[in-house]
Q: 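Can you read through this structure? Questions will come right after.
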Amino acid sequence: MPAIRANEVLAKVLACGLCASDLHIQDGMIDTVRLPYTPGHEICGEVVEVGTAVRGIAPGTRFVAGIDVVCGECRFCKSGRGNLCIHRVRMGFERDGGLAQYCAVPAECVFPISVKIAPEKAAIIPDAVSCMYHALRQGQVGEGTVICITGIGGLGLQGVQLAKHMGATVIATSRKDEKLALAKSFGADYGINTTCQSLEEEVARITGGEMCDAVFDNIGIRGSVNSALRLLRRGGKVIVIGYGEPELAANYMDLVINEKEIIGIRGSTRDELREVIGLVEAGKIDPYIYKTYPLDKLAVALDQLRNGKELGRTVILPHENADA
């Protein structure tokens, strides 16, 4: 049972999502992580105890945990961009996370959520849902825009729902027909199977040669950004979300002559997290969970994620019998 500081709450972890970042941590790609530690950054919990300095949070409160613990004083925090805080420390990265039955959570990271939202769905809001929301806003997605989401999966399926809510025409890509079918069930207008269809030719056909206003790269391999650039109209944006390799490749002539943009994104702001919680509570967005696992099957769940066996986000339920 973790001890809590004055400004923290003790949380019973109801659910904790798994992310490709958890694999990157295993692989040593994220060098700020120090052992021993507890991973898990997509947390839905219930407050069990509050620290002596905590105000306005009562035991029994259902909440999702904001990932970033921020300073509140740097130029980014003061301008509303706390996701870029110079001094940020992250749940499940630089401090212990939620892949446990109980965890300590800073009071500033407690975002209440309705008990009507299933814990496994709530858990993925701070990352899989809010991250895509932040990305779509960075891509200026709105009514009438045409976008492509490459690599439909744990994030992309949430992105389809959000983009449709924003009024966009959505093209989804995957190497699996099952994922494309899921994307269409959440509102995707078109699906392209990249194992048997030319991505560039299909996007040109769908758009009448005008191509996309924005492409959202959830793949994150060396050539995926360059592939995304070819799908853009002049002045379009590639929003880079996935990061599977340390370097990217880009055609400078295409980028410069056509005034295209490559934009990296991470996480979301706290205001965006609040907005997404509101969308979920209002029933406008339904976070998609492919499968849940009990805590003692965590290694199995991570292996399934690494091997590409999952069709969407997977979640650990520390206190319950899961479906695996």
Side-chain angles (χ1 to χ4, degrees), residues 19-21 24 67 76 80-81 83-84 124 126-174 179 183 186-190 192 194 199-200 203 206-207 210-252 254-256 258-269 271-273 275-276 279 285 313:
C19 173
S21 294
H24 298 332
I67 298 168
F76 298 106
R81 303 182 72 189
N83 61 311
L84 300 180
I124 71 169
D127 187 11
V129 187
S130 290
C131 180
M132 281 304 308
Y133 186 68
H134 178 62
L136 292 164
R137 290 187 59 172
Q138 290 290 93
Q140 298 180 323
V141 174
E143 194 70 38
T145 54
V146 179
I147 71 167
C148 182
I149 300 177
T150 64
I152 288 293
L155 271 72
L157 290 169
Q158 325 302 332
V160 169
Q161 296 184 65
L162 289 162
K164 293 306 298 179
H165 174 72
M166 294 173 175
T169 296
V170 179
I171 303 168
T173 82
S174 176
K179 288 188 176 181
F186 284 117
D189 299 278
Y190 305 94
I192 300 173
T194 54
L199 181 55
E200 191 172 352
V203 169
I206 290 167
T207 62
E210 292 188 1
M211 310 307 276
C212 297
D213 296 289
V215 178
F216 297 84
D217 177 18
N218 288 308
I219 300 171
I221 60 175
R222 180 176 173 81
S224 59
V225 167
N226 206 41
S227 175
L229 284 171
R230 294 194 294 269
L231 306 180
L232 289 179
R233 61 161 175 78
R234 294 182 181 186
K237 307 175 191 296
V238 176
I239 311 298
V240 183
I241 304 162
Y243 58 102
E245 297 183 15
E247 296 180 349
L248 60 85
N251 183 315
Y252 276 7
D254 186 17
L255 183 70
V256 173
N258 294 306
E259 285 198 354
K260 297 177 180 179
E261 299 178 54
I262 302 172
I263 302 173
I265 70 104
R266 75 153 301 275
S268 68
T269 68
D271 283 343
E272 288 168 335
L273 175 54
E275 290 168 16
V276 171
L279 289 173
I285 303 297
R313 214 56 158 187

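The figures here come from the full heavy-atom set of this structure, side chains too, leaving out hydrogens, waters and symmetry mates.
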Q: Mind checking the OG-CD1 spacing from S227 to I219? Nearest 0.5 Å is all I need.
A: 7.0 Å

Q: Heavy-atom distance under 4.5 Å between the side chains of L231 and E200, does that happen here?
A: yes

Q: Can you tell me how far CD of E259 sits from CG of L255, rounded to the nearest 0.5 angstrom?
A: 10.0 Å

Q: Would you mind reporting whether L162 and L279 have side-chain heavy atoms less than 4.5 Å apart?
A: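 Yes. Closest side-chain heavy atoms under 4.5 Å.
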
Q: Testing the basics here: between R81 and T269, what is the closest heavy-atom pair and its distance to 0.1 Å?
A: CA-CG2, 4.3 Å

Q: Given side chains that start at C-beta, do those of Y133 and M166 come closer than 4.5 Å, heavy atoms only?
A: yes

Q: Flag the pair D254 and R230 as a salt bridge only when some basic side-chain nitrogen lies within less than 4.0 angstrom of an acidic carboxylate oxygen.
A: no

Q: Between the side chains of D271 and R137, is the shortest nitrogen-to-carboxylate-oxygen separation below 4.0 Å, so that they form an ion pair?
A: no

Q: Going by heavy atoms in the side chains, are T207 and T169 under 4.5 Å from each other?
A: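 Counting from C-beta outward, T207 and T169 never come under 4.5 Å.
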
Q: Below 4.5 Å, heavy atoms only, C-beta onward: do L84 and R266 meet side chain to side chain?
A: yes

Q: Please report the interatomic distance CD1(I149) to CD1(I241), rounded to the nearest 0.5 Å.
A: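 Spacing of CD1 (I149) from CD1 (I241) equals 7.5 Å.
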
Q: Sub-3.5 Å donor-acceptor pair from the side chain of D213 to the main-chain atoms of I147, do we have one?
A: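 Looks like no, no N/O pair under 3.5 Å.
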
Q: Above 12 or not: heavy atoms from other molecules or residues under 6.0 Å from CD of E210?
A: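 Counting other residues, nucleotides and ligands, CD of E210 stays at 12 neighbours or fewer.
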
Q: Just wondering, do N258 and R234 contact through their side chains at under 4.5 Å, heavy atoms?
A: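 Yes; the side chains approach each other to less than 4.5 Å.
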
Q: Show me the pairs that pass side-chain hydrogen bond (donor to acceptor under 3.5 Å, both in side chains) and involve residues 144-164, at least two apart or across chains.
A: K164-D189

Q: I need the minimum non-hydrogen distance between I265 and C131, along with the two atoms involved.
A: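 What the structure gives for the nearest pair is CD1-SG, 3.6 Å.
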
Q: Locate the shortest heavy-atom distance separating R313 from A128; write the atom from each residue and the value.
A: NE-CB, 3.6 Å

Q: Kindly write out the residues that satisfy ring pair (Phe, Tyr, Trp, His ring centres under 6.0 Å) with H24, not counting sequence neighbours, or none if the list is empty.
A: Y243

Q: Mind listing the closest non-hydrogen atom pair of D127 and C19 along with its distance?
A: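 Result for this residue pair: OD2-SG, 3.6 Å.
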
Q: Nearest 0.5 Å, what's the CG-SG distance between D217 and C148?
A: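 Atom-to-atom, D217:CG and C148:SG are 10.0 Å apart.
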
Q: Would you say the side chain of S268 lies within less than 4.5 Å of the side chain of V276, judging by non-hydrogen atoms?
A: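 Not in contact.
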
Q: For the CG atom of L248 and the CD1 atom of I221, what is their distance to the nearest 0.5 Å?
A: 11.5 Å

Q: With rounding to the nearest 0.5 angstrom, report the CD1 to CE distance, I206 to M211.
A: 9.5 Å

Q: List the atom of I171, the atom of C212, and the distance in Å for their closest heavy-atom pair.
A: CD1-SG, 4.2 Å

Q: Determine the minimum heavy-atom distance between A163 and V170, stating which atoms define it.
A: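 Smallest interatomic distance, heavy atoms only, reads CB-CG2, 3.7 Å.
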
Q: Quick one: do V141 and F216 satisfy side chain to side chain contact (heavy atoms under 4.5 Å, CB included)? Show the steps, please.
A: CA-CA 11 Å; V141 174; F216 297 84; 3.6 Å; yes

